[in-house]
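This report concerns only the one structure given below.
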Amino acid sequence: MGLHSGKYKPETVIDTRPGTYQVGRKTVRDVHNYGVLDVTGVIKKSSNVGVARIALDVGGEQLYATLQQVGLGQETGLGFPGERAGTLPNFRVWKPIETAVMSYGYGLSVTTVQLAHAYAVLGNGGAAVPLSMTRLDAYPKGVQVLDQRVSQQVLQMLRTVVDEDGGTGSKARVPGYQVGGKTGTAHKIKAGGGYEDKRYRSVFAGLAPISNPRIAAVVVIDEPKPKFGQYFGGVVAAPAFG
């Protein structure tokens, strides 16, 4: 969304210091103080502060449109019995904190298939192709929903998450093979509202090979058992993706 707006490039600098960001009465937090990052570094380090700053700068309406374009909050068309459409709140004049938290994955719900499909859009040069559970006789017609150049830029960002030192997805590396992706760690929703303190879903979503993607895959670990306090997507889900 930031790249599409023209306000940001992969090398645009964003100050995430001191690792927190006050939005109204709420505070957005990073795991560490990552200091000054470029946009690629925001993805590489999984900075909530960095991506929230981008979202608030570009605006909630554009955030909603971008998420909708890649299929979130909509049925996938697979026709799988009992499939949920997820939840993407309709845009109104969102409070700033709503825009901020939605930019890093809270305030909405997404199915694993929806997330894989969204990554497939990136891997397919920004074109969304209908999903099918059976082999098709002909390649389905896609709809261009993201700019091809922007999609390519994001792929290179996702590569740094895995391939470069300090990336949160380094445990997804495959020797002699380039992959790219993004880690995710979310507190589970508490019955009656709010979020659980120590119950998580840990995620790794990605593409391979990153130079010419053929596979989009998502690994979700539901309530990982924290070994030595490690429950992050980059620790428990990334190795399975690799």
Donor-acceptor contact present, side-chain [X] to main-chain [Y], <3.5 Å:
X: Asn124; Y: Gly126; value: no
X: Ser202; Y: Ala237; value: no
X: Thr40; Y: Pro10; value: yes
X: Ser109; Y: Thr87; value: yes
X: Gln74; Y: Gln68; value: yes
X: His117; Y: Val129; value: yes
X: Asn48; Y: Arg29; value: yes
X: Arg53; Y: Asp15; value: yes
X: Asp30; Y: Val49; value: yes
X: Gln114; Y: Ala85; value: yes

Under 4.5 Å between any side-chain heavy atoms of [X] and [Y], yes or no?
X: Tyr119; Y: Leu158; result: yes
X: Asp38; Y: Thr12; result: no
X: Tyr8; Y: Met1; result: no

Which heavy atom in [X] sits nearest to a heavy atom in [Y], and how many Å separate them?
X: Ala172; Y: Phe204; result: CB-CZ, 3.7 Å
X: Met102; Y: Trp94; result: SD-CH2, 3.6 Å
X: Leu37; Y: Ser47; result: CD1-CB, 4.1 Å
X: Ile221; Y: Val236; result: CG1-O, 3.8 Å
X: Gly181; Y: Val162; result: N-CG2, 3.9 Å
X: Ala208; Y: Tyr177; result: CB-CE2, 3.7 Å

Inset, instruction - Decide side chain to side chain donor-acceptor pair (under 3.5 Å) for Glu83 and Thr76; before the verdict, give the C-alpha distance in whole Å, the side-chain angles of both, and the deciding distance to 0.1 Å. - result: CA-CA 9 Å; Glu83 183 183 8; Thr76 63; 2.6 Å; yes
Answer yes or no: are there more than 12 heavy-atom neighbours, outside [X] itself, under 6.0 Å from its atom [atom1]?
X: Glu75; atom1: CD; result: no
X: Lys188; atom1: NZ; result: yes
X: Ile189; atom1: CD1; result: no
X: Lys190; atom1: NZ; result: yes
X: Glu223; atom1: CD; result: yes
X: Arg92; atom1: CZ; result: yes

To the nearest 0.5 Å, what is the distance between [atom1] on [X] and [atom2] on [Y]?
X: Ser103; Y: Leu108; atom1: OG; atom2: CG; result: 10.0 Å
X: Ser151; Y: Leu3; atom1: OG; atom2: CG; result: 9.5 Å
X: Gln62; Y: Lys7; atom1: CD; atom2: NZ; result: 10.5 Å
X: Leu56; Y: Glu98; atom1: CG; atom2: CD; result: 11.5 Å
X: Lys198; Y: Tyr231; atom1: NZ; atom2: OH; result: 9.5 Å
X: Asn212; Y: Leu207; atom1: CG; atom2: CG; result: 11.0 Å

Inset, instruction - Show your working on salt bridge (charged side-chain N to carboxylate O under 4.0 Å, His left out) between Arg173 and Asp165 and close with a plain yes or no. - result: CA-CA 11 Å; Arg173 287 178 186 166; Asp165 292 338; 3.4 Å; yes
Please check if [X] and [Y] belong to a single hydrophobic cluster, counting links between Ile, Leu, Val, Met, Phe, Trp and Tyr side chain heavy atoms closer than 4.5 Å.
X: Val143; Y: Val121; answer: yes
X: Val145; Y: Leu131; answer: no
X: Val36; Y: Met157; answer: no
X: Val113; Y: Leu88; answer: no
X: Ile14; Y: Val31; answer: yes

Inset, instruction - Could you check Arg159 against Gln156 for side chain to side chain donor-acceptor pair (under 3.5 Å), going step by step and ending with a plain yes or no? - result: CA-CA 5 Å; Arg159 181 192 60 77; Gln156 293 310 309; 3.2 Å; yes
Inset, instruction - Please report the C-alpha distance between His4 and Val58 in whole Å, then the side-chain angles of each, then the deciding distance to 0.1 Å, and finally whether the side chain to side chain contact (heavy atoms under 4.5 Å, CB included) criterion is met. - result: CA-CA 10 Å; His4 265 281; Val58 179; over 6 Å; no
Inset, instruction - Take Val203 and Val219 through the test side chain to side chain contact (heavy atoms under 4.5 Å, CB included) and record every step on the way to the result. - result: CA-CA 6 Å; Val203 180; Val219 175; over 6 Å; no
Inset, instruction - Decide if the gap between the ring center of Phe232 and the ring center of Tyr200 is smaller than 6.0 angstrom. - result: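 No, ring centres 6.0 Å or more apart.
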Legend entry - side chain to side chain contact (heavy atoms under 4.5 Å, CB included) between Gln178 and Asp163, intermediate numbers included: CA-CA 8 Å; Gln178 273 198 339; Asp163 270 2; 3.5 Å; yes
Inset, instruction - Look at Lys44 together with Glu164 and state whether they make a salt bridge at an N to O cut-off of under 4.0 Å. - result: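 Yes, charged N to carboxylate O under 4.0 Å.
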Inset, instruction - With side chain to side chain donor-acceptor pair (under 3.5 Å) as the test, would you mind laying out the steps for Gln22 and Thr27 before giving the verdict? - result: CA-CA 5 Å; Gln22 198 71 25; Thr27 303; 2.9 Å; yes
Inset, instruction - Check step by step if side chain to side chain contact (heavy atoms under 4.5 Å, CB included) holds for Val161 and Ile43. - result: CA-CA 7 Å; Val161 173; Ile43 300 299; 3.8 Å; yes
Legend entry - Listed once per pair and sorted, the ring-ring contact (aromatic ring centres under 6.0 Å, His included) pairs that draw on residues 39-89, sequence neighbours left out: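 Pairs touching residues 39-89 that pass the test: none.
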